[in-house]
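These figures come from a predicted structure and were not determined experimentally. Computed from heavy atoms alone, side chains included, the values below leave out hydrogens, waters and symmetry copies. Chain letters run A, B, ... following the sequence lines, proteins first and then strands; every chain starts at 1.
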Amino acid sequence: MFPAITLYSESMDSGQATYNYRYDANLAEEIELKWQARWEQAGTYHAPNPSGSLADSTGRIDLPKLFIMDMFPYPSGTGLHVGHPLGFIGTDVYARFKRMSGYNVLHTMGYDAFGLPAEEHARQTGQHPRENTDANINNMRKQLKRLGLGHDPRRSISTTDLDYYKWTQWIFLQLFNSWYDSELNQARPIKELETKLENGSITLKENISWAACSDQRKKEIINSFRLAYLAEAPVNWCPALGTVLANEEVTVDGRSERGNHPVYRRPLKQWMMRITAYADRLLEDLESLDWTEAIKSMQRNWIGKSEGAVINFTAEDSTVPVFTTRPDTIFGATYLVLAPEHPLVDSLYQTDWPEDVDSRWTGGYKNPPSAIEAYRIQSNQKSDLDRQENKDKTGVFLGSYAKVPVTGEEIPIFISDYVLMGYGTGAIMAVPGQDERDWEFAEVFGLDIIRTVQPPTDWDGKAYVGDGPAINSDFLDGLPIKEAKRAIIQWLEDNSGGRRQTSYKLRDWLFSRQRYWGEPFPIVYDKDGLPNAVPEEVLPVELPELIDWAPRSLDENSDPEPPLGRAEGWTTTTLDLGNGPQEYIRELNTMPQWAGSCWYYLRYLDPLNSEEFVSEDIEKYWMSGETGGVDLYVGGVEHAVLHLLYSRFWHKVLFDLGYVTTPEPFQRLFNQGYIQAAAYQDERGMYVEAVDVSKVEKKFFYQEKEVQRSFGKMGKSLKNSVTPDEMYEEYGADTLRLYEMFMGPLDQDRPWETKSVIGSQRLIQRVWRNLVNEETGELTITDSEPEESLNRLLHQTIDSVSNDMNNLRFNTAIARITELNNEITKLESPTPRSIAEPLVLLLAPLTPHIAEELWEKLGYENSVVYARFPTPDKKLLIEDEAEIPIQVNGKVKSKIKIDSNATDETLREVALADEKIKSLLALNEPKKVIVVSGKLVNIVI
RNA sequence: GCCCGGGUGGCGGAAUCGGCAGACGCGGGGGAUUCAAAAUCCCUUUCCCUUCGGGGAGUGCGGGUUCAAGUCCCGCCCCGGGCACCA
């Protein structure tokens with residue numbers, strides 16, 4: 001009836017050992033919970049600040065500092081799977097290693113909790129986003145705590161905390177109250193602009209006189225300079241989500257990244273961030289950062305700087321500026337192309353076609369106006385996806401001609417959707433000889449093609465984009481591209497035909513969202529409809545409680561409708577902005593999710609400060625460094641552009657205004673890989689639960705039917721999630737940590753294999769068994785000294801593990817520890833204390849719980865967290881006897897053991913005297929003998 | 001098309017400086033222990049051939065440099081990611 005008990009007593013009777021203290025999942029859990037509770041109680045991971053409420057008397061503040069950070073997560077409702085914490089474990093191991101190496105380490109974790117998913121969830125469940133968000137955060141905190149991550153819990157923030165978003169709003173106000181002084185090349189307070197306008201040291205464009213402007217006009221002009229400004233701009237309107245989206249949030253095929261809904265372009269008045277003012281600095285400062293080349297090149301690509309010229313073509317009574325990176329090819333310009341929506345089109349077209357018009361140019365319409373109208377409709381309806389897939393050149397002739405500045409020649413003007421309004425000037429000079437797209441268009445429309453760069457003699461292609469001497473180009477003839485560019489730009493500038501110009505792909509950052517669950521803007525509108533900053537004392541502008549917070553799902557033609565507009569009693573407020581209490585209308589949009597993640601690393605430093613977003617000396621302490629900023633920032637590659645670019649931008653603004661001391665926020669960036677897992681599809685292509693799939697021979701079966709295996713990111717949609725909880729249940733947190741670190745290098749994607757986790761548990765189990773009696777739980781170590789060979793191995797292990805940990809190569813660090821432990825396992829006698837103690841210390845960063853437990857058993861009262869990581873005895877790193885391979889013609893044929901200090905000459909002699917080598921050489925004299933000191937001998941015959 | 005990564009046993013990976021390819025782990029095979037099994041411990045495990053001494057091949061493919069190449073050079077192929085009519 002009670003088989004478990006019966007069996008137990010049976011084994012007792014038969015005198016079998018009972019391993020009550022074997023390291024298994026139960027014991028692991030007992031140990032892990034015990035230490036997690038102790039750490040929390042003792043505040044083990046509290047990192048002291050130099051001042052303020054987080055200062056302490058541990059003395060750690062005098063150590064060199066290290067700021068280690070993870071990209072903070074969105075607290076999702078579905079909980080974690082084993083793929084999520086990979087990076088968190090990596091930073092934790094590194095942070096622990098550095099703590100043990102004598103650093104004051106700041107490591108904590110926050111939550112990026114505003115954003116769409118909480119609202120989507122709220123819409124589905126009727127639960128307020130805040131409740132749902134808080135519940136998710138609590139759940140995630142619990143899950144992460146169970147992993148034994150050494151975070152300073154006092155510094156954990158959520159972007160949705162009132163105390164936090166108050167300062168997000170405050171930073172917004174700094175942007176609102178600043179402008180970019182291009183002479184100083186930095187952001188300055190807007191007051192300085194006013195002074196400069198007053199005293200005339202800055203003059204306005206188009207000869208507008210500042211003095212003659214009305215107060216209202218002055219305000220408008222000032223507003224147009226702000227780093228946060230309102231602009232009527234074409235936006236990405238997503239009716240299904242009920243919000244506009246940033247360019248970065250729209251996929252290449254014109255759909256929302258979240259939800260894959262259609263997105264439409266339409267003009268709307270929106271908050272913008274003048275990130276373009278920082279384009280050059282964002283580009284140049286990449287050089288100094290310790291980031292991967294891949295991320296840097298993605299940022300460079302996104303900023304998209306290209307140098308060239310704007311050339312003015314004249315047509316009718318207008319000037320058509322075109323941007324080109326190849327002004328040297330101007331003599332080959334045979335037509336102009338404008339984007340279909342280019343504003344100049346309306347003043348350039350003729351009412352009738354010229355008499356001899358080419359029928360290909362008219363689109364079959366009877367006159368230019370009708371052709372243009374039809375073409376605009378056609379290209380408007382084309383989705384971006386169509387544009388991409390179907391690159392056939394289309395367009396229509398405007399009926400008019402433009403004059404090429406340098407030749408005076410008349411060339412036809414077209415509109416075509418291969419020219420984009422959003423880049424350069426929205427107009428190009430087409431040079432088919434040197435541009436593949438122009439060549440295609442010229443072929444379709446029968447336009448002239450003039451080569452202006454001599455292609456190589458064996459060139460049989462079409463447009464030639466390589467270098468070569470200029471031809472057919474008058475005074476440029478014979479010059480290589482670079483010099484020809486310089487010469488023509490000089491000519492253009494001398495003859496008012498154009499000027500040097502740099503163009504960027506980077507656009508200003510659209511900052512408004514028509515959403516509830518985001519930071520409200522600290523902005524109110526006066527009766528003239530102009531925006532005003534809410535005074536700092538009044539911050540935070542708190543989100544109103546709303547019953548109906550869901551965005552309306554709307555159709556293509558409707559206007560975005562911010563949910564905050566429904567907050568009765570909130571949409572207006574009475575403030576005194578210097579001219580007595582007045583009623584103002586609040587800004588109803590909210591900030592995008594990126595806002596909160598732009599500066600959270602600064603709040604970690606000084607989370608309880610109610611006077612400032614971060615205090616000066618604390619910021620200086622934690623952010624200083626060789627080039628400054630967070631010392632190690634680990635996260636996924638998916639934030640390569642958006643978050644990392646926005647954050648760098650805000651940081652530079654704060655730097656310009658003197659609030660932070662470093663020009664960059666993140667000195668070293670490391671991208672962790674993803675954990676993938678096998679996923680299985682049945683014959684309909686549906687994913688089936690991966691846990692229920694079994695392998696027979698080399699095939700996979702689910703409910704007796706064969707299924708196909710593939711690999712993908714772990715998650716709900718592929719039905720291949722494995723949760724940390726399952727791993728705790730079966731192995732414990734230390735094993736999970738160890739396995740995740742052992743699977744491969746941190747920056748690499750790797751497939752999860754639950755069956756392999758056992759290997760990591762075995763390591764801990766063997767270490768435990770080497771130090772502790774499994775029946776009694778007593779220490780089994782001895783105070784006698786180890787064999788010299790074991791001692792050598794220990795010190796070699798310490799040396800390589802230290803190196804590996806410094807370089808985040810935890811997988812090889814674990815391999816070295818395993819080797820050491822395998823040797824200990826082979827000992828006939830108990831483990832010497834002088835080996836056991838460093839072994840525990842080597843493991844402590846990786847498996848902190850078991851290390852604490854063993855450290856305590858070894859008789860230490862203080863936590864292993866602050867024990868010193870062992871350092872190798874240099875003398876023991878050098879073997880006195882080395883095994884030297886001897887090669888014949890580059891292949892290993894023999895090995896000799898020899899004093900490691902042996903001279904090259906001795907090495908050579910001993911190698912040649914080796915029996916095996918002698919027999920291989922027979923009577924031949926070796927042609928050559930190469931001796932690599934202390935490493936190898938190669939004999940050439 | 002352009003720009004980044006990457007390709008090593010059955011699997012994850014190691015070899016980061018041009019110097020013993022396959023560390024370490026999973027899986028497999030064999031043995032010890034056990035009534036038996038699990039667990040544990042030991043041996044073995046790149047492939048092919050072998051008279052069991054050993055011999056040969058081998059890091060995506062084809063060339064090259066070198067005494068020596070996974071590593072460097074040239075030309076390809078494949079996989080993953082990013083960008084893409086950006087003038």
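A:Arg22 has no side-chain polar atom (N or O) that falls below the 4.0 Å cut-off from OP1 or OP2 of B:rU40. Residue A:Arg750 places none of its side-chain N or O atoms closer than 4.0 Å to OP1 or OP2 of B:rC11. Contact annotation: A:Ser756 does not reach the phosphate of B:rC11 (side-chain N/O to OP1 or OP2, under 4.0 Å). Between A:Gln887 and the phosphate of B:rC20, there is no side-chain N or O to OP1/OP2 separation shorter than 4.0 Å. Note on A:Arg769: a side-chain N or O is less than 4.0 Å away from OP1 or OP2 of B:rC41. Look at A:Asn671 and you won't find any side-chain N or O under 4.0 angstrom from OP1 or OP2 of B:rG5. At the phosphate of B:rG6, neither OP1 nor OP2 sits under 4.0 Å from any side-chain N or O atom of A:Gln748.
In this structure B:rG62 sits in a base pair with B:rC74, meeting the Watson-Crick or G-U test at under 3.5 Å. In a base pair of the Watson-Crick type (N1 to N3 plus N6-O4 or O6-N4) or a G-U wobble (N1-O2 and O6-N3), with each distance short of 3.5 Å, B:rU40 is matched with B:rA32. Across all strands shown, B:rG10 forms a Watson-Crick or G-U wobble pair with B:rC26, both key distances being under 3.5 Å. B:rC83: Watson-Crick or G-U partner is B:rG1, with both key distances under 3.5 Å. Summarising the base pairing, B:rG18 is matched to no nucleotide, lacking a Watson-Crick or G-U wobble pair whose two defining distances lie under 3.5 Å. Pair check for B:rU51 finds none; no Watson-Crick or G-U wobble contact set falls under 3.5 Å.
The nucleotide whose nearest atom lies closest to any side-chain atom of A:Leu936 is, among B:rG19, B:rC67, B:rG25, B:rG19. Side chain of A:Ser297, nearest nucleotide from B:rG82, B:rA14, B:rC3: B:rC3. Between B:rA87, B:rC24, B:rG82, one nucleotide has an atom nearer to the side chain of A:Met298 than all others, and that is B:rG82.
As rounded to whole Å, 12 Å separates atom C1' of B:rA87 from atom CZ of A:Phe313. With rounding to whole Å, A:Glu436 atom CD is found 18 Å from B:rA84 atom P. Rounded to whole angstrom, the span from the CD1 atom of A:Ile758 across to the C1' atom of B:rC26 amounts to 10 Å. For the pair A:Lys893 NZ and B:rG53 P, the interatomic distance rounds to 18 Å; values are reported in whole Å. Between A:Leu763 atom CG and B:rC26 atom P there is a gap of 10 Å when expressed in whole angstrom units. For the pair A:Glu638 CD and B:rC83 P, the computed distance is 13 Å after rounding to whole Å. In this entry the distance linking CG of A:Asp747 with C1' of B:rG80 reads 14 Å, nearest Å. Atom NZ of A:Lys713 is separated from atom C1' of B:rG81 by 12 Å (rounded to the nearest Å).
For the residue pair A:Asn720 / A:Tyr680, no side-chain donor-acceptor distance below 3.5 Å is found, with atom types taken as modelled. Using modelled atom types and a 3.5 Å distance limit, the side chains of A:Asp508 and A:Thr276 yield a donor-acceptor pair.
Annotation: cation-pi geometry not satisfied between A:Lys393 and A:Phe441 (NZ/CZ under 6.0 angstrom from ring centroid, within 45° of ring axis).
Residue contacts shown for A:Asn811 are limited to sugar-phosphate atoms, with no base heavy atom under 4.0 Å away. A:Lys296 comes within 4.0 angstrom of no nucleic acid atom, judged by non-hydrogen atoms across all strands. Using a 4.0 Å heavy-atom criterion, one finds that A:Val932 contacts the bases of the nucleic acid, with or without backbone contacts as well. As judged by a 4.0 angstrom heavy-atom cut-off over every strand, A:Thr292 is placed among residues making no nucleic acid contact. Base engagement by A:Lys505 is indicated by at least one non-hydrogen atom pair under 4.0 Å involving a base atom. Backbone-only contact: A:Arg766 has heavy atoms under 4.0 Å from sugar-phosphate atoms and none from a base. Among the heavy atoms of the strands lying under 4.0 Å from A:Lys891 are primed sugar atoms or P, OP1, OP2 only; no base atom is included. Within 4.0 Å of A:Asn822, counting heavy atoms only, lie sugar-phosphate atoms of the nucleic acid but no base atom. Residue-level contact check: A:Asn889 touches neither bases nor backbone, having no heavy atom under 4.0 Å from any strand.
When the P atom is used for both B:rC43 and B:rG6, the distance is 36 Å, rounded to whole Å. Comparing B:rC42 with B:rG9, their P atoms are spaced 28 Å from each other, to the whole Å. Of the C1' atoms belonging to B:rA15 and B:rU46, the separation is 15 Å, rounded to the nearest Å. Annotation: B:rG19 and B:rC26 have their C1' atoms spaced 31 Å apart (nearest Å). For the P atoms, the distance linking B:rG7 with B:rG56 amounts to 29 Å, nearest Å. Of the C1' atoms belonging to B:rA32 and B:rG54, the separation is 30 Å, rounded to the nearest Å. B:rG18 and B:rA69 have their P atoms separated by 14 Å, given to the nearest Å. As rounded to the nearest Å, B:rC48 and B:rG58 have P atoms that lie 15 Å from one another.
Classification of A:Glu293 and A:Arg300 as a salt-bridged pair holds, one side-chain N sitting under 4.0 Å from a carboxylate O.
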- prompt: What do the steps show when you test A:Ser306 against A:Phe323 for side chain to side chain contact (heavy atoms under 4.5 Å, CB included), and what is the final call?
  reply: CA-CA 10 Å; A:Ser306 41; A:Phe323 175 73; 4.1 Å; yes

message: Applying salt bridge (charged side-chain N to carboxylate O under 4.0 Å, His left out) to A:Glu341 and A:Arg376, what does each step give before you reach the verdict?
response: CA-CA 7 Å; A:Glu341 66 271 40; A:Arg376 280 178 166 168; over 6 Å; no

message: Show, in sequence, the C-alpha distance, side-chain angles and deciding distance for A:Asp467 and A:Lys482, and conclude whether the side chain to side chain contact (heavy atoms under 4.5 Å, CB included) test is met.
response: CA-CA 9 Å; A:Asp467 202 356; A:Lys482 212 175 154 192; over 6 Å; no

task: Before giving the answer on side chain to side chain contact (heavy atoms under 4.5 Å, CB included), spell out for A:Phe670 and A:Asp290 the whole-Å C-alpha distance, their side-chain angles and the decisive distance to 0.1 Å.
output: CA-CA 9 Å; A:Phe670 189 92; A:Asp290 185 5; over 6 Å; no

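A donor-acceptor contact under 3.5 Å is formed by the side chain of A:Lys895 with the base of B:rC20. Within 3.5 Å, no donor on the side chain of A:Lys935 pairs with an acceptor on the base of B:rC20, nor the reverse.
Ring orientation note: the planes of A:Trp768 and A:Tyr23 are tilted relative to one another, at an angle of 30° to 60°.
Mapping A:Thr812 and A:Asp435 onto RNA chain B via the closest heavy atom, the residue that lands nearer the 5' end is A:Thr812.
The glycosidic torsion of B:rG82 lies more than 90° away from 0, placing the base in the anti range.
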